[in-house]
Each structure stands twice: as C-alpha cells, then as structure tokens.
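Quick notes on the structure that follows.
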There are 2 protein chains.
Amino acid sequence: MSSQPLRSRRGRPPGRRPGAPDTRGEILAAARAQFAAHGYDGATIRGIATAAGVDPALVHHYFGTKERVFVAAMELPFVPADVTGAVIAGDQGGMGERLARLFVSVWGNPVTRAPFLALIRSALGHEMAATMLRQFVRGALLSPLASVLTAPDRELRIELCASQLIGLGLARYVIRIEPLASASDEEVIALVAPTLQRYLTAHLPGP
Amino acid sequence: MSSQPLRSRRGRPPGRRPGAPDTRGEILAAARAQFAAHGYDGATIRGIATAAGVDPALVHHYFGTKERVFVAAMELPFVPADVTGAVIAGDQGGMGERLARLFVSVWGNPVTRAPFLALIRSALGHEMAATMLRQFVRGALLSPLASVLTAPDRELRIELCASQLIGLGLARYVIRIEPLASASDEEVIALVAPTLQRYLTAHLPGP
DNA sequence: GCCACTATTCAACGCATGATGACTTCTGCG
DNA sequence: CGCAGAAGTCATCATGCGTTGAATAGTGGC
C-alpha cells in the first residue's frame with residue numbers, strides 16, 4: 001500500500017514530466033471550453049487548470065494573466081477570410097443563403113462554435129471582450145462584405161445581418177427556445193436566408 | 001470637530017431610521033440597475049447596497065438570498081399583455097412594423113430596457129436566468145402572437161422574430177457596433193419591420 | 001556527465017464575495 | 001406608557017478567486 005503513491009491526477013510529483021506532451025495546447029483547449037461555457041468572468045483559472053489536468057500556477061507560467069489566457073484562447077480555429085471568401089464569391093442573389101449556410105455550419109460544430117460563444121458570453125459583461133467582438137464583426141464580416149456591396153447604407157445592412165446571426169446563435173444554442181433549437185438546419189436556412197438577402201441587397205422604401 | 005461625527009453615508013448609526021422611507025424600493029431599483037449593468041454574477045450584493053446607500057446586510061434582511069433579489073428585481077415595469085395587445089390588434093400586414101416600434105420604444109428607455117438587459121446578460125451564464133428569459137419569450141411573445149397566426153410553423157416564426165430582436169438589442173445597446181448603434185430609430189424600424197413581417201406572415205417556398 | 005533552461009508542482013498571500021448573528025433604534029398597537 | 005416587532009448597522013466567517021515565489025524534475029547542448 002505504501003509503495004503505491006495513489007496519485008490519480010492531483011498530487012503528481014513536481015518537476016518536469018518525461019516525454020514531450022503538448023501541455024500548453026491542452027491548457028488552451030480547456031480554456032476555450034471553459035470560456036465558452038461560462039464566459040470570461042465565470043470561467044476560472046483553477047477550473048481551466050483542473051480541466052487540463054494541471055496545476056493552476058502552470059497556467060500563469062505560460063500566459064501570465066487571465067486576460068492573456070483569454071486572448072490566446074480566442075484565436076479562431078479557422079481563417080475568417082477563407083470562409084467569408086466563399087460567401088462573397090458568386091452571384092449576389094445567393095449571398096443570403098450562402099451566409100446562412102456558413103452560419104449553421106460554423107455553429108453546428110461545437111469546436112468552431114466555442115470561440116464565438118465565449119466571445120458573445122463574455123462581451124456582455126466585459127469591455128475587453130466587447131471590443132474583441134466588435135473588431136471581429138468589423139474585420140471578418142463588415143469589411144469583406146462591404147467590399148462587394150454598393151448601397152450607401154451597406155454598413156448598416158451588414159450589421160443587421162450580424163445582429164440576426166448573433167440573436168439566432170443565442171436563441172438556438174444558448175437560451176435554446178423550442179422549437180427553434182431543434183428545428184432542422186435546412187428549415188432555419190430557408191427562413192433566415194431571405195432576411196439576410198434582403199438586408200444585403202434589397203432597396204428600401206424611401207424616407 | 002469631535003462633536004461632528006462626519007458620517008457621509010457609511011457609518012450611519014445603527015437602528016431604524018425615522019420617517020417612512022421606501023428603502024426596500026430603493027434597493028430594488030439599485031439592484032435592477034446593477035444587474036442590467038453587470039449581469040447576475042457580475043453584480044454584487046455589496047455593490048447594490050452601496051448604490052442604495054445601505055448596509056449589505058439589509059439586502060439580506062429583505063430578500064434573504066442573492067437569487068431572490070434577482071427575481072424580485074426582474075418584475076417588469078409594465079404589464080406585457082398591455083403592450084403586446086397593441087401589437088396584435090390591427091391588420092396583420094402592419095404587425096411587423098408595430099412590433100419593431102414596440103421594440104425601439106421599450107429599448108430606447110433605460111428604465112424599461114434594464115430588466116431585459118439584465119435578463120439577457122444573466123441568461124448567458126446562468127441557467128436560472130436562462131429559464132426566466134425562455135419563460136418571458138413564451139409567455140409574453142409566443143403565446144399572444146401565436147393566437148392570431150395560422151401558419152403551422154408559427155411558433156418557429158415568432159421565435160425567429162425574438163431572435164432578431166434579441167440580436168438587435170445586443171448589437172445596438174450592448175456591443176454597440178457602429179453605425180447600427182447610432183442609427184435613427186426610424187431607420188432601424190424601416191430596415192427591420194419587413195423582416196419581422198416576413199417571419200410572421202409570408203409563406204415559405206415549399207420543401 | 002555537467003549545466004543552463006524549461007516544465008511543473010506546492011504553499012501561501014491578499015482580496016472580494018455571500019451569508020450570519022448579535023446588537024441598536026424607531027414605530028405602532030394596546 | 002410599555003413593549004413586540006420591524007428596520008437598520010456592525011463585526012465576522014468561510015469560501016473561492018487571481019497571483020506569486022520557491023522548490024523540484026526532466027531535457028538538450030557542450
């Protein structure tokens with residue numbers, strides 16, 4: 001009995017571990033999940049460390065401060081330009097549907113969904129996160145889309161698209177109101193795509 | 001100097017205050033503001049107490065627990081039925097615009113906006129608040145509106161309206177993306193009303 | 001095989017939080 | 001008046017947080 005130290009996870013002996021484990025990466029993955037689940041304030045360094053099977057001090061060793069963990073964890077798991085490129089390429093009449101399809105494909109996968117969830121959850125209580133969200137909307141949505149539209153109020157229109165998509169993500173994946181939450185992707189696309197299309201290209205009744 | 005106790009706010013002598021001040025009401029108002037500004041987790045009993053000019057223990061004296069302060073503070077400052085009644089009364093072709101106008105009028109006023117902000121902010125990190133939000137959407141939006149619509153997927157459609165309105169509130173009043181945040185009410189109404197109208201009454205392309 | 005460096009844990013500090021219980025002062029009823 | 005109870009404060013507790021500094025164990029270059 002006494003020769004078996006019985007350390008399941010906590011109580012691992014101090015000092016470097018043998019081999020070359022990607023501990024930093026595991027911490028980042030855990031952080032992403034925790035921030036997505038609880039938001040910036042709700043997630044704790046200790047919780048992240050536990051989820052990564054690691055001492056809390058190690059998180060500080062790698063990232064210094066909680067804020068820095070957050071910005072490191074918010075690196076998107078794909079390149080926004082790749083994905084918005086597919087939306088703006090093609091006829092303008094189909095942009096709404098392509099945007100809707102992009103949305104459900106990104107939000108349908110928990111891994112790609114996580115950073116957005118984390119960002120939105122955190123933005124509500126934290127100016128830093130709100131700024132990051134604003135910058136994402138500007139850089140990854142507004143700029144590319146605005147370059148292919150001509151209407152004078154195109155920025156407004158694109159942001160209305162963003163507002164519909166943010167609200168949809170919230171209602172469907174966070175608040176989970178039924179029957180919206182369990183509606184099929186195709187059904188949601190069919191309902192939302194024309195809205196986006198209208199925001200993007202329809203002309204308004206004059207003032 | 002010694003005869004002037006110099007107690008600005010903290011340090012008020014213990015014991016009941018003379019007169020009949022509505023301290024409970026002041027605490028509730030402070031709580032509403034704090035929850036709206038910081039969400040459930042971000043708001044603190046101490047912060048609420050300070051804003052109300054009162055000892056933190058008094059908050060517990062009146063409400064017992066933080067959760068109970070929250071549900072007490074979330075009583076809406078108007079009767080939902082009064083306000084949705086105006087939306088469903090009238091021609092169905094104008095419902096979208098009436099709903100959009102209701103939205104900007106509720107969200108345009110900080111007092112009426114506060115509970116919604118608090119609810120949405122809190123729902124993102126707290127199952128209790130999420131449930132309250134769900135119930136509000138069901139009771140104050142879905143039920144009344146569903147009673148005047150006939151489409152088989154009308155619940156879905158109404159929830160899409162809700163998702164658009166939630167997203168709009170977030171984008172405009174919390175994240176404050178520009179130019180959406182400073183666009184005129186009329187401009188926003190003109191852009192959003194047709195979306196709501198379409199969700200409510202337009203028929204979809206068949207599957 | 002030594003040695004600088006990195007990876008890792010441990011123990012602790014200081015602070016803020018939600019909650020509790022004892023104590024004091026005012027109000028209103030009999 | 002006398003007294004029960006409501007209104008109010010104070011000191012305090014336990015908990016959990018972010019962060020720090022010291023100590024230990026493995027790695028890679030010479």
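Since we're looking at a predicted model, the values are computed, not measured. Each chain gets a letter, A, B and so on, in the order its sequence line appears, and its residues count up from 1. Below, each value reflects all heavy atoms present in this structure, side chains not excepted, and no hydrogens, waters or symmetry copies.
- Closest heavy-atom contact between B/S147 and B/P144: OG-O, 2.6 Å.
- Contact check, B/Y62 against D/dG8: a side-chain N or O comes under 4.0 Å of OP1 or OP2.
- Distance A/F70 CZ to D/dT19 C1': 20 Å, rounded to the nearest Å.
- Whole-Å rounding puts the B/Q34 CD to C/dG18 P distance at 11 Å.
- Comparing A/R46 and A/P56 against DNA chain C, the residue whose closest nucleotide sits nearer the 5' end is A/P56.
- Salt bridge present: B/E186 and B/R101 bring a charged side-chain N and a carboxylate O closer than 4.0 Å.
- Residue A/R24 contributes atom CZ, which lies 14 Å from atom P of C/dT6 at whole-angstrom precision.
- Of the candidates C/dA19, D/dG18, C/dT8, the closest approach to any side-chain atom of A/T23 belongs to C/dT8.
- To the nearest angstrom, P of C/dA7 lies 15 Å from CG of A/D55.
- B/H60 has its NE2 atom 14 Å from the C1' atom of D/dT12, to the nearest Å.
- A residue-by-residue look at A/G64 and A/G42 shows that A/G42 has its nearest nucleotide of DNA chain D further toward the 5' end.
- Here the C1' atom of nucleotide D/dC17 and the NE2 atom of A/H38 are 15 Å apart, to the nearest Å.
- The side chain of B/A57 sits closest to D/dC10 out of C/dT9, D/dG18, D/dC10.
- As a whole-Å value, the separation of A/E67 CD from D/dT19 P is 9 Å.
- An OP1 or OP2 oxygen of D/dG16 is reached within less than 4.0 angstrom by no side-chain nitrogen or oxygen of A/T44.
- Between B/F35 and B/Y40, the ring planes lie parallel to each other; the angle is under 30°, not in the 30° to 60° tilted range.
- Taking atom NE2 on B/H61 and atom C1' on D/dG8, their separation rounds to 7 Å, with Å as the unit.
- Among the heavy atoms of the strands lying under 4.0 Å from B/L58 is at least one base atom, whether or not backbone atoms are also near.
- Contacts of B/A49 with the nucleic acid, taken as non-hydrogen atoms under 4.0 Å apart, are absent.
- Remark: the A/Q197 side chain and the A/T201 side chain contain an N/O donor-acceptor pair separated by less than 3.5 Å.
- For the residue pair A/R198 and A/T195, no side-chain donor N or O sits within less than 3.5 Å of a side-chain acceptor on the partner.
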